[in-house]
2 protein chains.
Amino acid sequence: MNLSIDTNIDSRTMKDYVYQVLKRNIMELRLKPGSPLKKEKISRQLQVSVTPVREAFAKLAEDDLVDILPQNGTFVSHINIDKIIQAQFMRENMELAVIKLACEMDFPKDRLFKLQTIVKMQEILAEEENLIQLFELDNQFHRIVFETCNKKYVWEILQQVSTHIDRIRVLSLTTYFNRKEIIADHQKIIDAIKDKNLELAERVVKEHTNRIKYDIEKMKEKYSDYFD
Amino acid sequence: MNLSIDTNIDSRTMKDYVYQVLKRNIMELRLKPGSPLKKEKISRQLQVSVTPVREAFAKLAEDDLVDILPQNGTFVSHINIDKIIQAQFMRENMELAVIKLACEMDFPKDRLFKLQTIVKMQEILAEEENLIQLFELDNQFHRIVFETCNKKYVWEILQQVSTHIDRIRVLSLTTYFNRKEIIADHQKIIDAIKDKNLELAERVVKEHTNRIKYDIEKMKEKYSDYFD
DNA sequence: GTTATTATATTAACATACTAATATAAAAAA
DNA sequence: TTTTTTATATTAGTATGTTAATATAATAAC
């Protein structure tokens, strides 16, 4: 229940600040699914009034990260396996659609170089066991592909639905993480884009998402009380 | 600027009520892009305090339907053509993915019948020029397909993204609407699912979305000041 | 002991009041 | 006349207080 409070978040408003602190703590499972969130307590901890806390709750409810029960309380939501499956379905299909564009278009050399740099960095971080950074770079890799195909907004929406998946991925970081495979996947995606090899790209994307599905199953067994 | 106020909205909270009223008025372009939204005025019109109005504004901002400029004002957002294109990209690809599932699975007979009923109703409504209802049934048709494939959550996310597209579609209702083609498309989709004819389904879905793209171009010319 | 009723505490939703930031208009300086 | 400065109005963000609904605990009835 002890929040990790990061004062150096660049948030325009207090509401935004509270939202980001709570979201991070929920995503990193410092706040466990099912546990209650007390407005007054958080307002004391973060040194703000209850109004921005209340508004942050509302935004978290939009993300399905908390459940607000009127006149009762606000609770960290349980991880919903069906939502994860559907989020994964969206993710996989949109990833495939974008990779198709990437293979068809004239993918800029400097963007390919950027992707290559990320993979190199990931290889180093994997040695260092810096898993959080590895996770960040994984997202960055895919984001660059989406942005280069002029699908930045699509990426943003996928990020929103990915909150469900990401809670699992954070879990799997602490226990098991198929690092080498994921990094190898990224290398293959770069090669596929470079060679305009759509078939390879599609196969890799499918394998890539299958790995995540495997993680989900593993985590579901291990932390069954976090699910509903 | 005169709001259409529907008191018969089933909303749990005042915030929700205000949100729905404003959303509908923005979507139906009763509230024009760029026009300011005054908290006090709306709170008077809807007989609530400013707090739920303020919270409704925040939710509309999440949907990109309003722009909140701090200490300045809240304005109905302009229609962003790039967001529409990307929303359409998501819609088309997810529609394709789901239709693929529909063709592969054992699509229940009663659901097919439901879809068939909708098409029949649409044919009647097209004669009656009841365009709003036609628009509603169009959404319902696709929703049933998604839900039957266990992709209800995907549909909900797409609905959120579709707000941008829908403002256009409402516009095109009032001016031009390729009704017969859309109804015919739906009939073809039913046939494709029934016959498990994936190729036909994919061709129709692509044509279906292309019609909307055509509408977008038309509306962009006609109402250029609504765009940014 | 078990069920039904009442009382209490807690809470989200809402109302109202205040503050600081921004834009616009008015006034002053060039 | 044009530019700069100052004053005013408006507004989002925030704080605090109030209300009504819900759950839990305590009591009463069976």
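What you see below is based on every heavy atom in this structure, not just the backbone, and it leaves out hydrogens, waters and symmetry mates. A, B, ... follow the sequence lines: proteins, then strands. Residue 1 opens every chain.
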Between CD1 of A:I42 and C1' of D:dT14 the distance, given in whole Å, is 17 Å
A:I68 atom CD1 is separated from D:dT22 atom P, nearest whole Å, by 15 Å
By nearest-nucleotide position on DNA chain D, the 5'-leaning member of B:F57 and A:N72 is B:F57
Side-chain atoms of A:E55 come closest, of C:dA15, D:dT14, D:dA12, to D:dT14
**Prompt:** Quick one: does B:F89's side chain get under 4.5 Å of A:M94's, heavy atoms only?
**Reply:** yes
Report yes if at least one side-chain N or O of A:R54 is closer than 4.0 Å to OP1 or OP2 of C:dT11; otherwise report no. no
Q. Is there a donor and acceptor pair, one atom on the side chain of B:Q71 and one on the base of C:dA21, closer than 3.5 Å?
A. no
Answer with base, sugar-phosphate or nothing: what part of the nucleic acid does B:K38 contact at a heavy-atom distance below 4.0 Å?
sugar-phosphate
Rounded to whole Å, OH of A:Y19 lies from C1' of D:dT14 at a distance of 20 Å
| query | Between A:T74 and C:dA12, does any side-chain N or O lie under 4.0 Å from OP1 or OP2? | reply | yes
Rounded to whole Å, the CZ-P distance (B:R12 to C:dA12) equals 12 Å
Salt-bridge contact B:K38-B:E40 (side-chain N to carboxylate O under 4.0 Å):
no
Margin query: Is A:S49 close enough to D:dA15 that one of its side-chain N or O atoms is under 4.0 Å from OP1 or OP2 there?
Written below: yes
Atom NZ of A:K39 and atom P of D:dT16 are separated, to the nearest Å, by 15 Å
Check whether any side-chain heavy atom of A:K39 sits under 4.5 Å from a side-chain heavy atom of A:T74, and report yes or no. no
Atom CG of B:L37 and atom P of D:dA12 are separated, to the nearest Å, by 9 Å
Give the ring-plane orientation class for A:H142 versus A:H186, where under 30° counts as parallel, over 60° as perpendicular and anything between as tilted.
perpendicular
B:M14 CE to D:dT18 P, in whole Å, measures 21 Å
Q.
Taking any heavy-atom pair under 4.0 Å as a contact, classify A:V50: base, sugar-phosphate, or nothing.
A. base
Determine: side-chain N/O of B:K15 to OP1/OP2 of C:dA13, distance under 4.0 Å, yes or no. no
Is B:T51 touching bases, backbone alone, or none of the nucleic acid, heavy atoms closer than 4.0 Å? base
More than 12 heavy atoms of other groups within 6.0 Å of B:K83 NZ:
yes
With a 4.0 Å limit, can you tell me whether B:T13 has a side-chain N or O closer than that to the phosphate oxygens OP1/OP2 of C:dA12? no
To the nearest angstrom, the CG-P distance between B:D16 and C:dA13 comes to 10 Å
